[in-house]
Amino acid sequence: MTGTTGPADIGLIGLGTMGAMLALNIAEKGFRIAVWNRTSAVTTKFAAGAGELAANIVPTGTLAELVAAIARPRRIILMVPAGAAVDESIAHLKPLLAADDLIIDAGNSDFHDTNRRAKAAVAGETPHFLGIGVSGGEEGARHGPSIMAGGEAADWTRAAPVLEAIAARYDGSPCATYMGAAGAGHFVKAVHNGIEYADMQMIAEVYGVMRDGLGLRADEIAGVFERWNEGPLKSYLIEISAAVSRATDPKTGKAMLDVILDRAGQKGTGKWTAIEALQLGAPIPVIDAAVMARNVSSRLDERREGEALFGPAPKRFADGAVSLAQLEQALIAGKILCYAQGFGLLATASTAYAWDLPMPAIARVWRAGCIIRSAMLNDMAAALERAPTRSLIQDPVFIGLIRTAEPGLRTVVGQGALHGHPMPALSSGLSWFDLMRTARSTANMIQAQRDFFGAHGFERVDDTATGLHGPWGSHAPA
Ligand code: NDP
């Protein structure tokens with residue numbers, strides 16, 4: 001740290017929602033930060049509004065000024081939209097920087113892009129490069145995000161003093177962790193976002209059961225979420241679900257939730273997670289279902305036509321068909337199954353890409369600052385500490401939790417199906433669980449079919465030979 005005069009400790013490009021908050025966070029932690037924004041008026045406004053933190057902020061009008069303002073070897077954070085803007089920023093910086101300077105892309109970049117940029121840096125074509133996933137939204141960026149870093153370990157060592165200082169803290173430890181080479185940090189961030197989609201979808205599904213199946217008002221639902229937030233489901237997303245259920249629309253006086261259109265947006269990180277999981281052959285059906293559900297939600301006109309054709313789906317439950325306790329258990333089970341899938345994907349990617357991802361540390365880095373922070377992550381970190389690549393559903397603590405919660409999930413999904421409640425995420429979780437506990441599945445039929453039409457061969461239950469064929473008569477494979 002250099003204090004309030006002299007060269008800046010670090011630079012930042014992109015004073016949008018996230019960049020502005022990160023810059024204030026960095027300045028607040030006592031670092032002197034030089035900032036530059038493509039639109040100069042934004043820089044001027046930002047510096048003017050920084051209050052007492054302005055003493056630690058060096059506004060600059062050109063990229064050259066920014067670079068000149070930073071102590072060497074330089075560290076420069078990019079907080080611009082993922083994609084072309086990152087490549088353009090690197091291209092503009094390259095002629096101005098020295099070989100040992102470090103560019104830190106803190107946006108939501110696709111990890112394939114980060115791999116490419118990291119490779120160029122390692123080859124000496126560009127300055128050093130780190131790709132870091134930053135979670136926690138605007139509030140997190142300002143007061144403590146969760147940070148998942150990828151790149152060269154030595155570059156992380158250079159960036160860590162600033163990034164650990166601004167990160168969220170859990171029991172005093174910073175939620176900022178080096179995940180591995182190149183795109184490892186952005187990959188972990190993408191999986192975080194995929195899990196976030198699934199967590200949100202499962203909460204929305206139990207909200208739907210309370211609203212349409214049990215006939216509860218939004219304020220009553222708020223009370224349920226508030227109670228759940230004092231138990232095993234304690235988490236940021238349950239907390240904000242209670243808050244949004246409790247809010248009143250200033251325009252109509254109705255519950256805010258009741259006047260919000262049921263069409264959800266997305267920026268693509270959930271879809272990336274689903275695509276990467278498919279590529280890796282790592283099953284994450286709860287996350288897939290959550291991404292799919294957002295896509296379906298946006299087809300509002302088609303859904304309205306469907307309701308006109310077939311009548312509305314969700315029906316009220318008979319008294320006692322589903323209790324609030326069973327709903328809570330369903331969400332607990334769904335959450336465990338979803339995280340088991342997410343960590344399973346991370347373990348598969350870690351092997352496939354030779355990242356050696358620090359599995360327990362991933363659970364730990366998500367315990368504060370990020371959107372999916374929750375009490376349960378503490379137990380998950382402990383489980384992954386016991387066996388980093390073992391599925392959470394095989395950990396002794398989670399075996400116990402699943403045994404307790406599974407009947408609730410089964411009742412909710414079963415009653416939901418009988419009463420027309422769409423539950424893509426919770427039902428996918430249950431099906432996956434049933435698949436994972438079925439030693440004799442139905443894939444023997446798939447193998448027989450494949451052999452019948454394509455001579456793909458099969459193995460027998462009573463023989464170790466491979467490439468066997470069936471007695472398919474006149475259709476027998478050649
Ligand atoms: P904003 O749209 O608020 O800000 C974008 C910033 O990037 C602006 O300062 C803009 O400058 C600048 N910019 C855009 N294009 C270029 C370019 N070609 N060259 C240089 N500067 C450019 O975005 P956010 O702050 O919300 O997001 C930034 C990154 O952080 C994204 O990757 C996003 O996915 C990620 N992120 C966002 C979160 C959020 O909650 N918003 C959470 C976690 C990550 P100008 O003023 O000139 O337009």
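Just so it is clear, the values below take in all heavy atoms, side chains as well, and ignore hydrogens, waters and symmetry mates. In each ligand, atom 1 is the first atom listed, and ligand 1 is the first ligand listed.
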Short list, please: which atoms of ligand 1 are under 4.0 Å from a heavy atom of [X]?
X: Thr39; result: 45 (P), 46 (O), 47 (O)
X: Gly137; result: 40 (O)
X: Val134; result: 43 (C), 44 (C)
X: Ala82; result: 32 (O)

Practice item. Might you check, step by step, whether the distance between atom 48 (O) of ligand 1 and some protein heavy atom is under 4.0 Å? Key: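 Under the 4.0 Å cut-off, atom 48 (O) of ligand 1 does have protein heavy-atom neighbours.
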
Who's the nearest protein heavy-atom neighbour of [atom], and how far?
atom: atom 35 (C) of ligand 1; value: Asn108 N, 3.7 Å
atom: atom 6 (C) of ligand 1; value: Met79 O, 3.8 Å
atom: atom 13 (N) of ligand 1; value: Pro81 CD, 3.8 Å
atom: atom 22 (C) of ligand 1; value: Val80 CG1, 3.8 Å

Exercise for review: Indicate the ring-plane relationship of Phe225 and Trp228, choosing parallel, tilted or perpendicular according to the 30° and 60° boundaries.
Suggested key: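 It falls in the perpendicular class, over 60°.
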
**Study point:** Asp100: partners by side chain to side chain contact (heavy atoms under 4.5 Å, CB included), with sequence neighbours left out
**Key:**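 Testing Asp100 for side chain to side chain contact (heavy atoms under 4.5 Å, CB included), a comparison that skips the adjacent residues, returns Arg72, Pro73, Ala98.
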
Check your understanding: Who passes side chain to side chain contact (heavy atoms under 4.5 Å, CB included) against Val296, sequence neighbours left out?
Key ->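 Listed in chain order: Met292, Arg303.
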
Exercise for review: Using distance alone, with no hydrogens and no angle criterion, decide if Glu28 and Asn56 have a side-chain donor and acceptor under 3.5 Å apart.
Suggested key: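 Their side chains do not contain a donor-acceptor pair, so the 3.5 Å distance test is not met.
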
